[in-house]
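Below is one structure, written out as structure tokens; comments come after it.
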Amino acid sequence: MVSEGAAVRGTRTDRAEIALQTLTGDPGAPDRLRRVLEQALVFAGAAFAGVYTPGDDGTVLRLAESAGLPRTLYGLRDAYPSTGRSPAAEVYGTGRPVWLGPDELADCPEARRTPSQEFWLAALPLPAGTGLLVAVSERDDGFGPEDRACLDLVAGAVALPAPLPPAGETGDLPADAFSLAMDTGRIAVGDGILDLFRMARDEFDGRVETLLGRTVPEDLPALMSVVEADHMSIGDRELEFRILQPAGPPRWLRLRGRLVPGGEGRPARLAGTVADASTFRSDVTDVARVQQLAAALATAGTVKDVGQAVVTALRRPLKADRIALAELENDRLVVTVLDPPDAESWPDLWRSEWRTEWPDAPVRAMPTLAAALREGRAQIWPAAAALESALAEVGPGGLAILPLPAGGRMAGACLIGWDSPHDFGPDERALLTASAGLAGEALMRAHAFDAEHELVGMLQRSLLPRRLPQLPGAEAVARYLPTTEGLEVGGDWYDVIPLTDNHVALVIGDVQGHNAGAAALMGQMRTALRAYAAEGHTPDVVVSHANRLLLDMESDLFATCCYVDVDMEDGTAWCVRAGHLPPVLRHPDGTTLIAETEGGPPLGVLGQTEFPMTQLSLFPGTLLALTTDGLVEAPDADIDDGMERLARDLAGSDPAHLGLVADGLLGNAHRADDVALLLMRYDGMAVRPLRESWTVWRVPEAARHARRFSKRTLRSWGVTDDGMDTALLVVSELVTNALIHTDGPVRLDLSLVDHRLRIAVADASPRSPVKPTNIGWEATGGRGILLVEAMSAAWGTVPASGGKQVWADLVLEA
């Protein structure tokens with residue numbers, strides 16, 4: 001026979017009802033609403049639970065409280081319109097619950113979801129139309145019948161506390177409560193808080209600075225890390241700090257608060273309570289350490305930053321000999337910070353697993369650590385404890401294992417070891433437990449930051465040139481720095497394009513925006529400009545074609561670019577600008593000049609427009625600099641001032657070391673925007689090629705005339721008879737092929753440099769010659785290109801102004 005008590009314990013809905021009745025018995029508890037929501041996590045298996053309530057005017061439903069994983073994992077917003085097509089508006093308007101699975105969420109335009117996972121969404125109305133309960137489940141079957149019954153109980157148990165008055169209006173504010181406007185710093189406080197600060201009501205001017213002025217200076221950074229809006233999110237915050245007293249030691253106060261989003265047109269508020277904490281404190285030093293750790297972790301951006309903050313906060317105060325922080329990835333412990341950092345200070349297993357800078361330690365090799373991670377509680381082992389060698393050598397005089405929880409999951413572990421016997425007092429145990437919770441949440445945030453930052457960097461690197469080509473008579477270097485504000489990929493790009501006849505195209509550009517669309521468009525524009533340049537077009541035609549392409553793509557974005565075609569043989573350059581910054585030239589004598597070049601509009605703005613060309617003259621030793629506006633523009637400075645600063649910096653640089661010049665210029669970047677920088681030092685070609693051209697007329701004796709021109713030219717260049725016959729044969733075959741297989745004009749170009757002769761024949765057909773794979777004895781053609789291949793050191797074809805150029809290189813005897 002089953003007892004009644006056993007039956008109650010076996011029914012999840014009954015257990016939820018008993019738990020909720022216990023919570024509702026204390027309606028004045030400050031965290032009652034959050035604890036009620038936590039029951040949805042426990043009894044309904046929800047990963048997230050939150051309450052949305054209408055604002056003052058009833059047009060917006062705002063998140064009032066939440067529990068579980070961050071709402072952003074599921075695309076949930078801080079606020080929804082109370083009318084519309086969202087599930088929140090539907091439930092609030094109809095008073096009926098909504099249960100949505102992954103398929104329904106995919107079809108709901110207002111229910112944003114992340115593509116990395118599937119989840120189920122439940123929205124239930126609260127009693128008396130006071131709002132709605134939203135819950136999310138990640139389980140494969142979503143919310144079952146018993147889960148839904150538990151959520152009904154949770155929705156019925158929600159009773160929202162009366163809202164605090166706006167900052168600056170005391171109203172019926174409780175004695176220990178406050179309300180701080182984050183935009184103005186005006187604060188409303190209860191009489192009890194003024195009593196703690198030893199301040200009369202008529203002495204208080206409503207400014208938060210007045211209260212902060214009585215804070216112990218050492219505690220102010222930790223306090224600001226909590227009350228500043230940039231570091232706050234929906235959820236509870238708690239902090240202990242000291243205020244100065246007219247006589248005697250400072251008084252400890254405890255602040256509990258949360259950031260309340262203001263919604264459209266309304267400022268956010270920090271609301272909470274302040275109480276006297278002096279009677280609850282046993283060791284002010286340990287709590288101060290936790291506060292300092294919280295302040296450091298609030299600004300830690302990367303996993304390494306988190307580890308360094310933990311080491312700084314714990315190792316020296318605890319007089320520990322070593323400390324390690326590790327992330328938990330599947331069944332491996334990926335150590336991110338070791339202090340001391342040398343491998344000899346750590347066990348043999350760790351050294352055997354050492355990889356480059358960090359080791360990987362398998363959790364299964366350390367059962368004690370695995371058990372601590374499963375239980376989720378801090379474990380402390382005294383000196384000479386029976387531990388596996390991988391852990392015993394970390395702390396022979398005592399070992400603390402701190403699992404790092406975050407969002408219901410285990411983010412990693414922190415190991416603290418002592419060489420000499422160490423006594424663990426109760427305050428030290430509390431310090432370790434508090435530090436573990438802070439570090440776990442920070443580690444999860446930093447891991448997400450690192451992963452996204454690496455993805456963004458990988459995407460950006462894949463869209464830019466891996467390396468710059470070797471240039472004849474010049475050296476080029478490039479640099480790219482992403483913005484430090486946010487993680488969005490930028491649209492800045494650069495390129496160096498080798499062209500025929502010792503020409504080089506230098507390109508730099510910037511696509512509007514910082515997102516994946518801008519990056520994709522940047523890759524397309526870079527590819528298009530490279531293709532148009534390779535076809536042999538002049539710079540203005542190359543940029544015009546890119547402009548037409550961007551217009552045809554019907555993109556909402558536009559792009560700017562600066563295109564410079566440099567003739568390496570004589571130092572002549574032609575520049576075309578499309579809404580971009582002009583080049584900056586540093587002459588060999590150290591003087592600098594911002595080139596006065598004509599410019600056209602940005603690409604993708606106007607269809608019928610011109611992009612004028614401006615000629616530049618480069619002398620050996622001239623430095624040419626192209627950059628994007630991120631290097632020269634700042635919120636507090638005009639872009640013209642930035643260009644002048646760039647010119648001054650170039651004037652004081654040493655062009656012999658281009659890499660150092662580029663690094664020095666980037667050291668002055670404000671980094672509020674992406675920065676691309678392209679530098680080229682023109683040295684001039686040591687040996688200039690000899691060149692001659694001949695227009696081949698379509699007459700019966702055309703091949704003979706071409707051979708005669710070639711022979712006369714080669715003799716003037718000093719080519720001997722041994723190389724002459726081979727060259728004339730190649731000329732005859734290439735010219736004959738062009739005349740037979742194409743229409744339109746044909747041009748023969750000869751160039752000689754360092755005993756290497758290039759023979760090139762250009763025609764109007766874009767079709768490249770095809771080398772036959774098999775020729776029978778009866779074939780009447782197809783042998784010409786085989787002869788060219790056999791006689792030449794190399795041959796090929798390149799596009800040229802709508803047609804092609806077939807070339808062959810011959811190495812002549814010295």
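FYI, side chains are in, hydrogens and waters are out, and symmetry mates aren't considered; it's all heavy atoms of this structure.
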Apply side chain to side chain contact (heavy atoms under 4.5 Å, CB included) to the pair Thr130 and Thr53, showing each step before the final yes or no. CA-CA 6 Å; Thr130 55; Thr53 60; 6.0 Å; no

Take Phe178 and Thr273, measure what side chain to side chain contact (heavy atoms under 4.5 Å, CB included) needs, and give me the verdict at the end.
-> CA-CA 6 Å; Phe178 70 90; Thr273 61; 5.6 Å; no

Leu61 vs Tyr92, test: side chain to side chain contact (heavy atoms under 4.5 Å, CB included). Steps then yes/no. CA-CA 9 Å; Leu61 298 169; Tyr92 183 67; 3.9 Å; yes

Does the pair Leu105 and Trp120 meet the rule for a side chain to side chain contact (heavy atoms under 4.5 Å, CB included), with working shown?
-> CA-CA 8 Å; Leu105 288 171; Trp120 280 253; over 6 Å; no

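For Leu20 against Ala157, the heavy-atom pair with the smallest separation is CD2-CB, 4.0 Å. The minimum heavy-atom distance between Ala16 and Leu153, with the atom names listed, is CB-CD1, 4.3 Å. When every heavy atom of Ser86 is checked against every heavy atom of Pro81, the shortest pair comes out as OG-O, 4.2 Å. Taking both residues in full, the closest heavy atoms of Phe143 and Arg148 are given as O-NE, 3.3 Å, listed atom of the first, atom of the second, then distance. In plain terms, the two heavy atoms of Ile401 and Trp381 that are nearest each other are CD1-NE1, 4.1 Å. Listed here is the closest heavy atom pair of Leu41 and Ala46: CD2-O, 3.2 Å.
Rounding to the nearest 0.5 angstrom, the gap separating the OG1 atom in Thr13 from the CD atom in Glu146 is 4.0 Å. In this structure, Leu402 CG and Leu415 CG are separated by 8.0 Å, a value rounded to the nearest 0.5 Å. Atom CG in Leu387 sits 11.0 Å away from atom CD in Glu393 (nearest 0.5 Å). From Tyr52, atom OH reaches atom CZ of Arg77 across 9.5 Å, with rounding to the nearest 0.5 Å. Atom CG of Leu76 and atom CG of Leu121 lie 6.5 Å apart (nearest 0.5 Å). Interatomic distance, Glu118 CD to Arg139 CZ, rounded to the nearest 0.5 Å: 15.5 Å.
Remark: the backbone N or O of Val394 is paired with a side-chain donor or acceptor of Arg322 at under 3.5 angstrom. One N or O on the side chain of Thr94 and one on the backbone of Glu90 form a donor-acceptor pair closer than 3.5 Å. A distance-only check finds no donor-acceptor pair linking the side chain of Ser66 to the backbone of Gly50 [under 3.5 Å]. Proximity of a side-chain donor or acceptor of Glu104 to a complementary backbone N or O of Gly101 within less than 3.5 Å is detected. Between the Asp147 side chain and the Gly144 main chain, a donor and an acceptor come within less than 3.5 Å of each other.
Within the 4.5 Å cutoff, the side chain of Glu65 has heavy atoms near those of the Leu37 side chain. Side-chain contact between Leu399 and Ile416 is absent, with no heavy atoms from C-beta onward closer than 4.5 Å. With a 4.5 Å cut-off on side-chain heavy atoms, Val60 and Tyr80 do not count as touching.
Taking a 6.0 Å sphere around CG of Asp141, one finds it holds more than 12 heavy atoms contributed by other residues, nucleotides or ligands.
Considering Asp152, Val98, Leu132 as possible partners of Leu124, the one that fulfils the side chain to side chain contact (heavy atoms under 4.5 Å, CB included) test is Asp152.
Ring planes of Phe48 and Tyr74: tilted class, angle from 30 to 60°.
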